[in-house]
Amino acid sequence: MRWLAHIVINAVLLLALAGYFDSIYLSSVWAALVASVLLSFLNTFVRPLLILLTLPVTVLTFGLFLFVINAITLAMTAWVMGSSFDIGGFSTALFASLAISLFHLIIESVRKEK
């Protein structure tokens, strides 16, 4: 159940980011849901491998390189989705991943207070 809530929250965040950034395009709500499921899959299976491969850089940057890894997984999601989800460039993916991480941090802090 928590995974499903996480998928819906990510889909809403992706839709909000598509409305905020001109260089992010989502064709529909269904595309946002599919992108959210795909992003969840990539975060589960690909992200740990990327973290392991870039561990020295991540340690040297005190974990800030994790935002770059998040941007890479978001860009990979857009690449796999094709024309239904498009991100204008890596800098947009980086800002979007920062926004998604910030919103998830806020949501988790509110959820833990209850």
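Just the heavy atoms: all of them, side chains too, but no hydrogens, waters or symmetry mates, feed the values below.
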- Enter the distance from S40:OG to L38:CG here, rounded to the nearest 0.5 Å. 9.0 Å
- Task: Look at the side-chain heavy atoms of Ile, Leu, Val, Met, Phe, Trp and Tyr, link any pair under 4.5 Å apart, and say whether L53 and V68 land in one connected group.
- Result: no
- Task: Give a yes or no on whether L98 and I87 share a hydrophobic cluster (residues Ile, Leu, Val, Met, Phe, Trp, Tyr; joining criterion: side-chain heavy atoms under 4.5 Å apart).
- Result: yes
- Would you check if the side chain of S36 reaches a backbone N or O of I7 as a donor-acceptor pair within less than 3.5 Å? yes
- Task: Decide whether L66 and L55 are clustered together by the hydrophobic rule: side chain heavy atoms of Ile, Leu, Val, Met, Phe, Trp, Tyr closer than 4.5 Å, transitively.
- Result: no
- Message: Can you confirm whether F21 is buried at CZ, in the sense that more than 12 heavy atoms of other residues, nucleotides or ligands lie under 6.0 Å from that atom?
- Response: yes
- Rounded distance [0.5 Å steps], CG in L74 versus CG in L17: 8.0 Å
- Output for pair (N70 CG, R47 CZ), nearest 0.5 Å, gives 4.5 Å
- Task: Working to the nearest 0.5 Å, report the span between CZ of F95 and CZ of F90.
- Result: 11.0 Å
- Message: Would you compute the distance between atom CG of L102 and atom CZ of F67 and round it to the nearest 0.5 angstrom?
- Response: 8.5 Å
- Task: Check S84 against A31 and note the closest heavy-atom contact, atom names and distance.
- Result: O-CB, 4.0 Å
- Treat each ILVMFWY residue as a node, draw an edge where side-chain heavy atoms are under 4.5 Å apart, and state whether V12 and Y25 are in one component. no
- Task: Calculate, to the nearest 0.5 Å, the distance between atoms CG and OG1 belonging to N10 and T77 respectively.
- Result: 9.5 Å
- Query: Looking at L26, I9, I24, which one forms a side chain to side chain contact (heavy atoms under 4.5 Å, CB included) with L14?
  - Reply: L26
- Under 4.5 Å between side-chain heavy atoms, hopping through other hydrophobics if needed: is there a path connecting V80 to F85? yes
